[in-house]
Protein chains: 2
Amino acid sequence: MSVIPIRDRKAERRAGTRSEILAAAWEIAREDGLAEVSLRAIGARVGMRAQSLYSYFDSKHAIYDAMFGEGNEELLARMEAADAAGGTPEQAFRRGTHVFVDFAVEDPTRSQMLFVRTLPGFVPSAEAYAPAVRTLDLTTAGLERLGVTDPALVDIWTALLSGLIQQQFANDPGGDRWTRHVDEVIDMFLAHAKRRKSR
Amino acid sequence: MSVIPIRDRKAERRAGTRSEILAAAWEIAREDGLAEVSLRAIGARVGMRAQSLYSYFDSKHAIYDAMFGEGNEELLARMEAADAAGGTPEQAFRRGTHVFVDFAVEDPTRSQMLFVRTLPGFVPSAEAYAPAVRTLDLTTAGLERLGVTDPALVDIWTALLSGLIQQQFANDPGGDRWTRHVDEVIDMFLAHAKRRKSR
DNA sequence: GTCTATATGTGGATAGAC
DNA sequence: GTCTATCCACATATAGAC
């Protein structure tokens with residue numbers, strides 16, 4: 001007859017090692033690029049043989065998937081916090097936009113994983129993707145509160161934002177040549193939406 | 001004493017084979033993805049062993065570089081043709097924009113190579129990059145004729161365009177959910193530039 | 001849970017015969 | 001110029017001992 005322990009030390013240890021493995025994977029990705037993340041490299045960093053990682057993850061893609069999910073959850077958490085901070089709809093929208101851009105710019109590797117998705121053969125699972133859907137919902141809800149409901153305008157808005165971020169990464173990594181125009185781009189977009197409505 | 005031939009048949013043959021190799025590489029890239037382009041795969045397609053390709057290109061990167069150069073030259077040729085077609089500055093600008101967007105959308109693989117640049121370790125040579133610089137010059141010249149000279153606006157414009165194209169590829173490949181808004185985005189941008197100038 | 005050993009596959013590149 | 005043979009490095013993944 002087994003005694004049920006207050007804490008499941010074994011499970012805790014396991015979860016801890018899983019976190020370590022993911023942290024190592026992020027380190028490698030940031031230092032050497034996403035393509036350089038290999039089981040060997042991860043193993044070397046956590047002090048294990050590559051093969052032993054299979055005790056924690058079913059495959060390399062499972063590691064990618066966990067990274068993808070982690071990143072999206074972090075973004076969602078920040079977007080929800082920004083959303084809950086109050087103010088006028090426009091203030092909230094501007095704040096949310098800045099939170100998003102800051103998140104994207106602060107970790108190019110993470111952005112590449114979440115937004116560009118260049119990993120050959122990797123398709124995120126539905127669970128890992130779920131927070132991304134919620135984040136987009138927050139954005140469309142924010143636009144709706146500003147009276148922007150036309151799907152065409154929502155698409156244009158996502159294009160504006162992703163364009164700024166993409167150009168920033170591609171042509172001025174680490175700088176702010178494009179992202180410093182966020183507020184001007186918001187102005188431009190809102191003026192357009194307003195003008196369009198009054199027609 | 002050697003006779004100088006009218007035509008250099010040997011050089012012509014060599015150039016022909018080089019073209020064949022590049023064509024095969026493009027085919028593989030379009031069918032299976034840019035990452036699947038390997039010397040073995042190219043060799044199989046042109047009826048050679050992979051090793052024999054070294055008689056035509058110094059390395060795999062040299063093949064990438066030639067592809068990159070080809071793509072940029074094709075784009076530049078189209079942009080120059082659009083530029084030479086006359087009309088008002090605004091007509092020319094709109095036409096050039098459509099030519100660019102069409103070019104980007106018609107071959108996602110080529111766009112990935114030219115604009116996203118996800119190939120690990122590949123850095124284009126200065127020669128291969130030169131036409132890209134000229135293309136950008138054409139764009140800024142077109143904006144200048146419209147009275148748009150502020151570098152900030154030029155950057156915003158490039159972000160708008162790349163954002164539309166990126167979203168198109170990422171979320172509606174093969175469709176036109178984003179690119180159909182090109183003219184509206186041009187309107188929005190030009191209105192913003194005008195309003196900004198009148199301040 | 002971690003190891004050694006191994007299977008199996010990919011890739012780029014070089015040497016030398018013909 | 002093309003071939004065979006070979007090297008080398010790297011990858012994911014499995015089997016089985018401890």
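So that the names make sense, note that chain A is the first sequence line, chain B the second, and so on, each numbered from 1. Given the structure is predicted, the values throughout are model-derived calculations rather than measurements.
- Salt-bridge check for B:D150 with B:R196: passed, with a basic side-chain N closer than 4.0 Å to an acidic carboxylate O.
- Atom CZ in B:R49 sits about 18 Å away from atom P in C:dA13, given to the nearest Å.
- Residues from residues 12-30 of chain B lying near DNA chain C, meaning a heavy-atom separation below 4.0 Å, are absent.
- For the pair B:L53 CG and D:dT2 C1', the computed distance is 11 Å after rounding to whole Å.
- At most 12 non-hydrogen atoms from other residues, nucleotides or ligands lie less than 6.0 angstrom from CZ of A:R134.
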Mark up nucleotides 6-18 of chain D, 5' to 3', with B wherever a protein heavy atom is under 4.0 angstrom from a base atom, S wherever such an atom reaches only the sugar-phosphate, and - elsewhere.
-----BBBB----
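- More than 12 heavy atoms of other shown residues, nucleotides or ligands fall within 6.0 angstrom of atom CZ in B:R95.
- Between B:S52 and D:dG1, a side-chain N or O to OP1/OP2 separation shorter than 4.0 Å is absent.
- With sequence neighbours excluded, the residues that form a ring pair (Phe, Tyr, Trp, His ring centres under 6.0 Å) with B:F115 are B:F100.
- Atoms OG1 and CD1, on A:T97 and A:I186 in that order, are 4.0 Å from each other to the nearest 0.5 Å.
- For A:R110 and A:E106, the salt-bridge test passes: some basic side-chain N is under 4.0 Å from an acidic carboxylate O.
- Exactly one of B:E36, B:E20, B:E31 qualifies for a salt bridge (Lys or Arg N to Asp or Glu O under 4.0 Å) with B:R45. That residue is B:E31.
- Under a 4.0 Å N-O distance rule, the pair A:R145/A:D83 qualifies as a salt bridge.
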